[in-house]
Amino acid sequence: MKRYLLIGCLAGASFFFGCQQNAGEETSRSTAREKEKTAKELEMYQPSELAQLMRRMYEENLALRDTLLAGKLPATFPKNFQRIHSAPSTSGEHEEATFKALAQRYTRHYDSLKKAPNPRAAKAAYNGMVQTCAACHQNYCRGPLGKIKRMRISAAEL
Ligand code: HEC
């Protein structure tokens, strides 16, 4: 039981700890001892406000994707995503001009997604938004890039 819990944690960690590493690889290569160490570090890890916001953006945008794929428009959009402009990050990226410009681009795409008149237009706007997640992550935090790319809606489903 304990063992499964640990593995569960690590599976999460390989993604959520994603900024500096290639998600997934680390876990399979590390020894049991290293895993114990990682589990301890995990307990102490306090994600920044921006990191927590990013996790919600990931989850909620995946839910939004399901809605769009079901041919519907979402009834509401989360408001807290505006915090991307002000939430403090682990390494101070949020204070850099490049980050600010990319965050603006993200918000613009998110706004056009909100205004999309039909599911088809919304899907295209959604892909534009995912593109801005990826653009910022090319610069700042490459770990989650694979997951972000898989958020896209394929041409066949548009
Ligand atoms: C303007 C830049 C920018 C945009 C846009 C952006 N991110 Fe991030 N993201 C970051 C930075 C910087 C971090 C690292 C935060 C930290 O560790 O404090 C991060 C961290 C993350 C993390 C890891 C959080 C953790 O647990 O450590 C995930 C997952 C993530 N982003 C997903 C997304 C998704 C999905 C989108 C689009 C819906 C997105 N990001 C858009 C800059 C961005």
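Order of appearance sets the numbers: ligands from 1, and atoms from 1 within every ligand.
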Point to revise | side chain to side chain contact (heavy atoms under 4.5 Å, CB included) assessment of Arg83 paired with Glu49 | key: CA-CA 9 Å; Arg83 291 284 299 154; Glu49 194 184 333; 2.3 Å; yes
### Message
For ligand 1 and Thr90, I'd like to know whether there is a polar contact (N/O to N/O, distance under 3.5 Å).
### Response
yes
Mark the output for Cys19 as yes if a heavy-atom distance to ligand 1 is under 4.0 Å, and as no if none is. yes
Please state whether the separation between atom 8 (Fe) of ligand 1 and some N/O/S atom of Tyr58 is under 2.8 Å?
no
Check: Does any N or O atom in Asn61 lie less than 3.5 angstrom from one in ligand 1, N or O only?
Finding: no
Contact region, Gln52 to ligand 1, non-hydrogen atoms below 4.0 Å, reads neither
Atom 1 (C) of ligand 1: of Ala51, Ala135, Cys136, Ala134, the nearest heavy atom sits on Cys136
Note: ligand 1 atoms sitting under 4.0 Å from heavy atoms of Ser48 are 16 (C), 18 (O)
### Query
Hey, is atom 8 (Fe) of ligand 1 within less than 2.8 Å of some N/O/S atom on His137?
yes
For Phe99, the atoms of ligand 1 under 4.0 Å from one of its heavy atoms are 1 (C), 2 (C), 12 (C), 42 (C)
Does at least one non-hydrogen atom of Lys147 fall below 4.0 angstrom from an atom of ligand 1?
no
Output for pair (Glu60 CD, Leu53 CG), nearest 0.5 Å, gives 9.0 Å
Within 4.0 Å of some non-hydrogen atom of Met57, the atoms of ligand 1 are 36 (C), 37 (C), 38 (C), 39 (C), 41 (C)
Contacts of Thr107 meeting side-chain contact (heavy atoms from CB on, under 4.5 Å) (sequence neighbours excluded), chain-then-number -> Gln82, Ile84, His85, Asp111
query: Heavy-atom count around Lys72 NZ within 6.0 Å, excluding the residue itself: above 12?
result: no
### Asn139 vs Leu102 side-chain heavy atoms within contact, under 4.5 Å
yes
Determine whether the interatomic SG-SG distance for Cys141 and Cys19 falls below 2.5 angstrom. yes
Please check whether Ser89 reaches ligand 1 - meaning an N/O of the residue sits under 3.5 Å from an N/O of the ligand, judged on distance alone. no
Below 3.5 Å, can you tabulate the donor-acceptor pairs from side chains in residues 123-134 to any protein atom, sequence neighbours excluded?
residue, atom, partner, partner atom, Å
Lys123, NZ, Glu157, O, 2.8
Tyr126, OH, Met151, O, 2.9
Asn127, OD1, Ile153, N, 2.8
Asn127, ND2, Ile153, O, 2.9
Gln131, OE1, Arg152, NH1, 3.3
Thr132, OG1, Met129, O, 2.5

Thr132 heavy atoms within 4.0 Å reach ligand 1 at atoms 5 (C)
**Message:** Measuring only between side-chain heavy atoms, which start at C-beta, is Tyr58 closer than 4.5 Å to Pro144?
**Reply:** no
Practice prompt. State, with a plain yes or no, whether a side-chain heavy atom of Pro74 is found less than 4.5 Å away from one of Leu68.
Written response: yes
Ala103 heavy atoms within 4.0 Å reach ligand 1 at atoms 1 (C)
Within a 6.0 Å radius of atom CZ on Arg105, are there more than 12 heavy atoms belonging to other residues, nucleotides or ligands?
no
Here the atoms of ligand 1 under 4.0 Å from any heavy atom belonging to Met151 are 35 (C)
